Amino acid sequence: MEPDEDLDVESLPRGGYRCRLCLLQVANRPSLEDHLRGKKHRKLAEVRARRKSQEEKSVFVSGFRRDTSELELSEYFQSFGPVCSVVMDKEKGVYAIVELQDETVLQMVLAQPQHCMDGQKLRVKPRQKKEFKYIPPKKQGAARGQELSLDKLSQALCLCSDVDEQMKQVVTLFQFSENERKLRELLVTLLQEVFSEFFPGCEVLPFGSSVNSFDVHGCDLDLFLDLEHTQTFQASTRKPQEEEDKDRAALDSRSEDSILSDVDLESATVPEILELVAAVLCQCVPGVYGVQALTAARLPVVKFQHKESTLQGDISINNRLAFCNTRLLQVYAEMDERVRPLVYTLRYWAKQKELAGNPFGGGPLLNNYALTLLVLFFLQTRNPPILPAVSQLKKLAGDGEKSVVDGWDCSFPRDPAKLEPSSNMESLCSVLADFFRVFADYNFAGAVISLREGQALSPKDALAAENCGGLKLGALNVQDPFELGHNVAGNVNEKTALRFQSCCRDAAKYCRSLQYQRKSCKGKAWGLVRLFQRGDGPEASRTDEDPAAEDGLVISLPSPLQILTEEQSRDLCGTESLQQLCFQKVCIALHFVLQDVLKCIVSQDEDRESMVVDAEEPVPLDEEPCVGAKRRMVEGGALVPDSKRQRRDAVASKEEKVSWHCAVWHRVWLGRRKMRRELQRRAGAGTCQSADSLQAEAEVTEALAQRESGSRPAQPLLTFRVCILRTGATAQDCRTNLHFTPLQDPVALFQDFFHFVQIFLPKTVARYIQKHELDSLVGATERLGQEMDF
Ligand code: ATP
Ligand code: MG
């Protein structure tokens with residue numbers, strides 16, 4: 001099939017392609033064809049076809065007794081025709097997938113109007129068709145459990161004493177451990193040994209982030225295979241010893257058309273050599289897989305994965321300049337101790353804002369190398385400079401340090417200890433804030449950022465310099481420090497450049513606030529933590545007027561008017577009193593759900609910014625110390641409001657904002673669904689343990705608490721503040737927003753709790769209003785309506 005007709009293939013701008021099945025992008029048509037012919041794609045296509053065929057002849061069965069075995073089910077369905085397999089759910093006994101021999105048997109099973117097994121009515125339906133989705137193996141770092149979650153990072157950063165310490169902490173948390181570094185070294189040694197067999201005199205040299213001082217867990221391993229001292233590719237059939245014996249027979253049988261024949265490297269083309277490199281990797285390096293020669297790329301490479309180390313590597317053969325710029329970055333990093341914290345912080349910030357990353361196939365984001373150069377340039381242009389320009393370094397190069405690579409001058413001192421330290425004494429905190437300030441309004445398109453000169457050049461001057469005529473100018477121009485005719489940010493489009501600026505603007509504004517500069521003594525997110533929030537939402541636009549609106553921990557509750565009839569709400573919409581009334585109902589319902597259903601302790605927030613629900617007749621919420629103690633139970637076990645709540649209810653709140661302090665005592669979200677099912681089962685199939693669904697939920701909480709510790713522990717699991725705000729910009733808008741702020745969260749459970757309440761609260765609050773407040777809401781709306789008529 002032609003790639004254009006393949007439904008798995010999607011064309012991308014600029015000649016690239018995306019394989020929807022394998023979730024990867026390739027830069028051009030030859031790479032696409034390679035991929036479609038490759039093992040991975042064919043294997044996934046096979047798995048997909050197999051799953052589809054299984055789906056089409058399987059049924060979903062439920063309703064059988066809990067102790068039913070796979071064998072019993074198989075025997076039952078065999079009366080319709082052969083059964084291939086029976087797979088039960090993990091908990092055994094809730095459902096099973098029965099795969100039949102073919103669609104004819106399936107039709108016979110489905111044609112039976114009622115299935116009955118051992119006196120039990122079975123529910124049998126066709127298996128749901130799910131779209132096949134390939135889940136790629138997690139990135140190397142994540143696979144080793146090393147990828148740091150934002151939550152963990154935030155916790156570590158909040159413990160620091162100031163922003164400078166936070167920035168240093170970012171380096172500590174992201175850089176390689178000693179073992180990671182050793183692992184890379186071992187892999188390089190292994191590759192060196194194997195390649196030396198075939199390319200005598202070659203050198204395998206790591207470059208890029210593994211060695212340029214900006215290493216992060218799981219980053220790729222960039223390797224330069226230097227063949228300068230290798231003339232001929234050796235016709236050797238030798239392999240590392242342990243592989244040799246095992247594979248000798250296989251290798252002998254292949255020797256006829258083996259790649260292992262003499263090739264003159266002088267006359268071989270780059271793609272030819274890379275094909276050889278790929279063949280050596282595939283056949284001779286233990287643990288290597290996924291080898292792919294990308295010969296059509298601007299910088300042709302062979303990509304590979306290594307099983308034991310879980311590393312992903314790139315090997316190039318004509319990348320001597322990158323080897324030089326790696327060393328330059330190293331020298332800069334060692335010259336001033338602010339460089340690494342600043343680069344790590346900005347790389348992480350840009351990653352979170354989706355401004356930078358490693359786009360494969362020419363995406364529009366800044367790559368990490370370009371971003372690092374931008375940071376170094378910024379440090380060159382401080383007053384006084386924190387780093388010298390490359391041209392100044394050139395003047396300081398000793399005899400042995402002068403070099404010209406591919407026609408570009410790459411002279412600079414290799415020993416940073418011999419260089420003069422900067423007299424600039426700015427703190428990291430202020431340097432970072434300044435970075436954002438400078439680039440918030442930078443004329444990126446109208447300047448060429450030159451690290452060589454340590455200043456921005458006009459595009460005209462940059463193009464006029466020797467050998468620079470080919471410099472491709474665009475939305476963001478960062479000239480390579482050595483290869484002056486190369487814009488390392490040439491892939492960045494206008495949209496990304498504008499987004500970069502606007503994110504800098506937001507960050508600069510945030511950096512002027514106290515939240516950035518000072519550690520919060522109330523346990524709020526501060527300093528880098530808020531800067532690292534995902535997305536490009538304006539950090540600084542959340543002001544102190546809305547103290548709880550941080551971290552994006554917001555849940556929106558729909559308007560209680562949704563439960564009124566259209567006529568009732570039409571009559572009353574738009575009255576200020578109605579808004580107040582709705583707000584009050586939501587507060588009452590929310591208080592009930594938190595305290596009586598989830599068994600939290602809810603008290604009025606001591607923070608003076610907060611207000612009580614009922615401004616005219618304040619009732620301290622913490623007067624109710626014990627869960628449910630003041631709620632009266634009536635027939636059917638339903639919970640009804642107590643007298644205090646009725647008093648509170650009698651007067652509409654005049655306020656728009658309420659703030660509570662809440663303590664959570666048990667992991668009420670953990671295994672909740674299972675516990676609910678368990679209680680339902682105990683109460684008898686088909687019936688709920690309690691007719692009132694809120695009461696039922698309260699019982700689930702109780703059971704979870706019992707299972708966890710029996711009684712209430714000495715300390716709450718976590719505490720948080722919830723600030724309840726009327727969103728209503730217009731009088732018709734009776735929605736409410738809940739802003740959560742974690743206060744104490746010693747075992748890092750708040751995120752789990754929040755994910756749970758995101759779903760749970762809107763449902764249960766609406767249910768409460770529906771059940772207990774509907775009459776009063778309708779009554780009040782009618783009263784208000786009469787007043788208005790009058
Ligand atoms: P990471 O792999 O963590 O994203 P990196 O610095 O290793 O960071 P790569 O994209 O892997 O980035 O590139 C490896 C090296 O190749 C860079 O460090 C740099 O030396 C060189 N390099 C990358 N992109 C360019 C470019 N556009 N122009 C010149 N050299 C580049
Ligand atoms: Mg890299």
Side-chain angles (χ1 to χ4, degrees), residues 27 139-142 146-148 170-171 174-176 180-181 184 187-188 205-225 294 297-306 311-333 339-340 343-344 346-348 350-351 354-377 390 405-406 408 410 412 448-452 468 470-474 476-492:
K139 288 211 172 120
Q140 317 110 38
Q146 289 170 336
E147 199 159 88
L148 193 61
V170 173
V171 179
F174 283 98
Q175 70 184 356
F176 290 162
E180 281 173 277
R181 195 171 292 287
R184 280 169 195 253
L187 184 55
V188 173
L205 303 167
F207 69 99
S209 54
S210 298
V211 285
N212 69 6
S213 308
F214 303 111
D215 43 278
V216 297
H217 301 306
C219 66
D220 63 354
L221 176 63
D222 302 296
L223 297 171
F224 169 48
L225 179 65
L294 302 178
R298 186 186 86 88
L299 261 177
V301 289
V302 179
K303 290 193 165 288
F304 69 93
Q305 314 252 3
H306 184 249
L311 288 174
Q312 193 231 302
D314 281 0
I315 299 188
S316 50
I317 53 164
N318 52 354
N319 212 357
R320 203 175 294 277
L321 275 168
F323 188 64
C324 287
N325 65 42
T326 293
R327 187 76 193 109
L328 176 74
L329 261 50
Q330 242 176 343
V331 169
Y332 273 137
V339 176
R340 293 186 75 220
V343 170
Y344 275 78
L346 283 164
R347 275 193 180 194
Y348 191 72
K351 181 176 160 225
E354 292 171 17
L355 296 167
N358 242 349
F360 179 59
L365 303 188
L366 270 169
N367 67 35
N368 280 330
Y369 175 62
L371 179 61
T372 307
L373 291 186
L374 190 66
V375 181
L376 297 177
F377 168 78
V390 177
V405 175
D406 298 343
W408 300 103
C410 298
F412 63 97
V448 175
I449 287 170
S450 162
L451 280 95
R452 176 152 287 254
C468 293
L471 189 70
K472 182 185 148 214
L473 296 181
L476 211 155
N477 307 302
V478 181
Q479 193 181 39
D480 190 86
F482 300 130
E483 191 184 354
L484 301 181
H486 174 49
N487 175 11
V488 302
N491 62 312
V492 175

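Computed from a predicted model, the values in this text were never measured in an experiment. Numbering starts at 1 and runs along the sequence shown. Numbering of ligands and ligand atoms starts at 1, following listing order.
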Given L205, I315, N319, N318, the one that forms side-chain contact (heavy atoms from CB on, under 4.5 Å) with L225
I315
Need the ligand 1 atom indices (1-based, order shown) with element for anything under 4.0 Å from a heavy-atom of [X].
X: N325; value: 19 (C), 20 (O), 30 (N)
X: G208; value: 7 (O), 14 (C), 15 (C), 18 (O)
X: N212; value: 6 (O), 18 (O)
X: T326; value: 20 (O)
X: C219; value: 3 (O)
X: N368; value: 1 (P), 3 (O), 4 (O), 8 (O)
X: H486; value: 26 (C), 27 (N), 28 (N), 29 (C)
X: D480; value: 29 (C)

Determine whether any heavy atom of R347 lies closer than 4.0 Å to an atom of ligand 1.
yes
Check each of F207, Y369, F482 against atom 15 (C) of ligand 1 and report the one with the nearest heavy atom.
F207
For atom 11 (O) of ligand 1, which of N367, D222, N491, D314 has the closest heavy atom?
D222
Rounded to the nearest 0.5 Å, what's the gap from CD on Q330 to CG on N325? Could you check?
11.0 Å
When rounded to the nearest 0.5 Å, the distance separating CZ of R347 from CG of N368 is 4.0 Å
Can you say whether the rings of F482 and F412 are parallel (under 30°), tilted (30 to 60°) or perpendicular (over 60°)?
parallel
Hey, does P481 have a side-chain heavy atom less than 4.5 Å from the side chain of L373?
yes
Side-chain heavy-atom pair Y332, V375 within 4.5 angstrom cut-off
no
Metal site angle (apex the Mg ion (ligand 2)), OD1 from D220 and OD2 from D222, 10 degrees:
100°
Heavy atoms only: give me the nearest F323-P206 pair and the separation to one decimal.
CE1-O, 3.7 Å
After noting the C-alpha distance and the side-chain angles of R181 and D215, does the key distance pass the salt bridge (charged side-chain N to carboxylate O under 4.0 Å, His left out) rule?
CA-CA 9 Å; R181 195 171 292 287; D215 43 278; 3.3 Å; yes
